[in-house]
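Note on naming: letters A, B, ... go to the chains in the order of the sequence lines (proteins, then strands), and numbering restarts at 1 for each one.
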There are 2 protein chains.
Amino acid sequence: MNSKHKLCMIPGPVEFHEDVLTSMSTLATSHVSPSFIPIFGEVIELLRKIFCTEKSQPFVVSGSGTLGWDMVASNLIESDEDVLVLNTGYFGDSFADCLQTYGVKVTQVKADIGDRPSLEEIRQALTTKKFKAITITHVDTSTGVLSDIKAISNLVQQISPETLVIVDGVCSVGSEEIRMDEWNIDIVLTASQKALGVPPGLCILIASERAMNVFHNRETPIKSYYASWLMNSYESRKGMYFATPPVQLILALHTSLKQINSRPLELRFQQHKEVSNRIKNSLEELGLKFVPKHREIAANGMTAVYYPEGVKATDLIPKVAEQGVVIAGGLHKVIGPKYFRVGHMGISVTEPERKHVEKTIEALRGNLKDLGCK
Amino acid sequence: MNSKHKLCMIPGPVEFHEDVLTSMSTLATSHVSPSFIPIFGEVIELLRKIFCTEKSQPFVVSGSGTLGWDMVASNLIESDEDVLVLNTGYFGDSFADCLQTYGVKVTQVKADIGDRPSLEEIRQALTTKKFKAITITHVDTSTGVLSDIKAISNLVQQISPETLVIVDGVCSVGSEEIRMDEWNIDIVLTASQKALGVPPGLCILIASERAMNVFHNRETPIKSYYASWLMNSYESRKGMYFATPPVQLILALHTSLKQINSRPLELRFQQHKEVSNRIKNSLEELGLKFVPKHREIAANGMTAVYYPEGVKATDLIPKVAEQGVVIAGGLHKVIGPKYFRVGHMGISVTEPERKHVEKTIEALRGNLKDLGCK
């Protein structure tokens with residue numbers, strides 16, 4: 001497979017480091033073995049660093065990123081409580097759907113496609129009723145729109161400080177700055193296959209002390225108590241059984257987190273910004289228009305961009321793939337066929353010697369020129 | 001790690017085939033790539049063969065086996081409906097807990113430790129009220145007790161044919177015979193890391209046409225509709241997005257299912273019986289007593305056995321590990337410290353040339369003799 005491997009430059013899964021893949025193929029290991037317990041314990045500690053938090057509680061469970069929505073809905077919100085969902089695309093729709101499935105009363109602030117709700121709109125929405133929580137999609141993978149979670153959380157502190165601030169960071173953790181403690185974020189949920197650089201299959205959720213208190217003070221008994229015990233148990237380097245954790249994926253996460261934490265996070269975010277600008281500049285030079293309305297609200301780990309006039313997905317994506325680079329089509333319900341997406345996260349960004357970005361820009365530019373771009 | 005690898009002879013995770021581990025380390029692959037879609041499609045078809053069913057709907061999702069309980073509770077049972085839980089150990093307790101978390105009214109038929117409810121007890125319970133479903137732990141990993149799902153399902157057909165028959169097959173699928181269609185089973189749920197021989201991280205659930213009808217006729221909208229569409233989409237060799245599937249684990253499952261289906265399933269089950277008997281005979285010869293009250297109700301993929309009088313877990317398990325074989329301690333809430341468990345599933349059974357069973361018996365016998373067994 002390697003010889004004909006195509007670079008996976010979609011907004012997740014991203015390219016994986018060789019050492020991460022080696023961890024994925026670790027021989028059978030008991031989930032309570034003396035070799036695995038300290039590694040899982042260290043994963044929990046390393047995650048706190050990634051999220052810039054001292055005391056928040058990480059959870060690492062088998063699941064897709066979207067399972068994080070279910071974890072929020074089933075553990076923190078009672079049915080009939082109100083939640084404010086900020087919607088910047090497909091994943092806002094879906095988070096709202098998920099909450100409603102659990103009986104939660106959802107109010108949405110929906111931005112136009114490519115835009116994000118203004119702080120003024122959010123301020124107004126927050127004053128209409130008492131919200132148990134506000135959810136923000138940090139980067140909506142369907143539009144590439146980046147939300148300003150720092151400013152929004154700050155606003156929530158002013159207007160409705162009891163409201164829990166919940167961030168869907170599936171497409172942002174590891175590529176966008178998140179300072180949980182400093183910014184008063186209560187929950188960040190994410191998945192392994194984006195900027196954390198691990199194959200898909202892990203849902204990672206981290207909860208502030210305040211969120212953990214909400215969870216512990218619930219009236220209804222919930223399964224996740226066990227998950228909380230489990231994490232504490234592994235962190236204190238003791239094995240415990242609740243459900244069998246995905247050993248190989250956790251070993252792979254450990255490998256990746258050690259790599260990520262071996263360099264300053266600031267440098268990592270800076271690199272993602274620089275690469276994002278390079279890719280966006282090269283597309284802009286070809287006359288292309290981005291889905292996000294302004295560069296300032298565009299994600300740094302991915303780019304969503306409209307095809308040139310008259311060009312379809314099938315004109316571009318297979319051609320780029322022929323040159324060894326996989327990019328993604330559109331996902332948004334309304335504009336799906338009109339745009340494509342490029343992922344630029346993880347080792348493709350932080351290890352420039354791999355030349356992933358050059359190869360991607362080259363394949364895009366060549367084909368777009370063939371399609372009539374100047 | 002390989003040079004000092006200890007054989008993982010616990011009741012899951014089990015030893016993995018080299019080709020399965022190679023699949024686990026597949027380079028980054030898009031979940032909608034033309035190379036992945038047909039493989040996921042074939043996985044769904046291969047699963048029907050494993051469960052001996054023509055038309056049941058398999059679901060393959062990121063998760064632990066226990067997520068299957070949540071899938072049952074949230075998709076098939078309305079809160080306030082009655083479910084009869086047959087309890088043969090820890091996993092019966094936990095399945096009941098999980099259902100109750102969702103508001104389901106649970107009635108349990110609990111067997112004594114090491115026993116299973118008699119058909120007469122089940123018959124009586126079934127006549128007390130109208131049950132939406134009955135749950136059976138096929139093999140309770142905490143006791144090694146095997147339930148007779150064929151006889152129980154037959155009884156349900158006679159007494160309460162509308163009741164859905166739900167089998168927790170986490171520790172049985174791939175090592176014990178399951179004939180979904182012939183035996184009128186509605187749901188079997190399982191995990192990847194047991195006899196299916198794939199690292200942990202996949203929850204596999206298969207639903208009969210009848211169960212799918214119950215699910216489709218629900219009043220409340222549920223997320224799993226998407227999962228159903230997703231499976232149908234991949235099976236018809238089209239990509240679709242709902243949540244990112246765990247590509248590498250699914251590739252590994254594909255490799256393992258192809259291996260399993262390359263030989264008659266009957267032979268596979270026969271081999272598991274033979275190996276189980278060999279291990280159990282060798283322990284019996286040493287004077288040990290099994291947790292299951294009779295050999296006829298003992299699982300074929302694992303053995304739960306009491307320590308000899310005066311022997312503790314720490315006397316035996318680390319010593320056996322020193323000889324390169326990992327076995328598991330007890331898990332049952334009442335008798336946990338009094339017994340140990342050995343797994344004998346998957347390639348350790350079907351590929352005798354690996355000598356896993358011999359090595360395990362040798363390590364056990366040597367150490368048990370040192371501890372005073374005759």
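- Between chain A and the residues B/G201, B/S64, B/G63, B/A191, the most heavy-atom pairs under 4.5 angstrom are made by B/G63.
- For chain B, the nearby part of A/L331 is the side chain; its heavy atoms alone come within less than 4.5 Å.
- At a 4.5 Å heavy-atom cutoff, the contact between A/V14 and chain B is made by backbone atoms alone.
- Relative orientation of the B/F95 and B/W69 rings is parallel, given thresholds of 30° and 60° on the angle between their planes.
- Using a 4.5 Å heavy-atom cutoff, the side chains of B/C171 and B/F91 are not in contact.
- A distance of 9.0 Å separates OG1 in B/T135 from CD1 in B/I77, rounded to the nearest 0.5 Å.
- Of the two parts of B/V247, the backbone and the side chain both hold a non-hydrogen atom closer than 4.5 Å to a non-hydrogen atom of chain A.
- Taking 4.5 Å as the limit, some side-chain heavy atom of B/F40 sits within range of a side-chain heavy atom of B/M231.
- Side-chain contact check for A/L7 versus A/M9: some heavy-atom pair is nearer than 4.5 Å.
- Each of B/G12, B/S30, B/S33, B/G65 has some count of heavy-atom pairs under 4.5 Å with chain A, and the biggest count is that of B/S30.
- Looking at A/P34, neither its backbone nor its side chain comes within 4.5 Å of chain B, counting heavy atoms on both sides.
- Both the backbone and the side chain of A/E15 come within less than 4.5 Å of a heavy atom in chain B.
- Side chains of A/L67 and B/S62 form no contact here, defined as non-hydrogen atoms less than 4.5 Å apart.
- With chain B as partner, the option from A/P13, A/S25, A/P246, A/P199 having the largest number of non-hydrogen pairs under 4.5 angstrom is A/S25.
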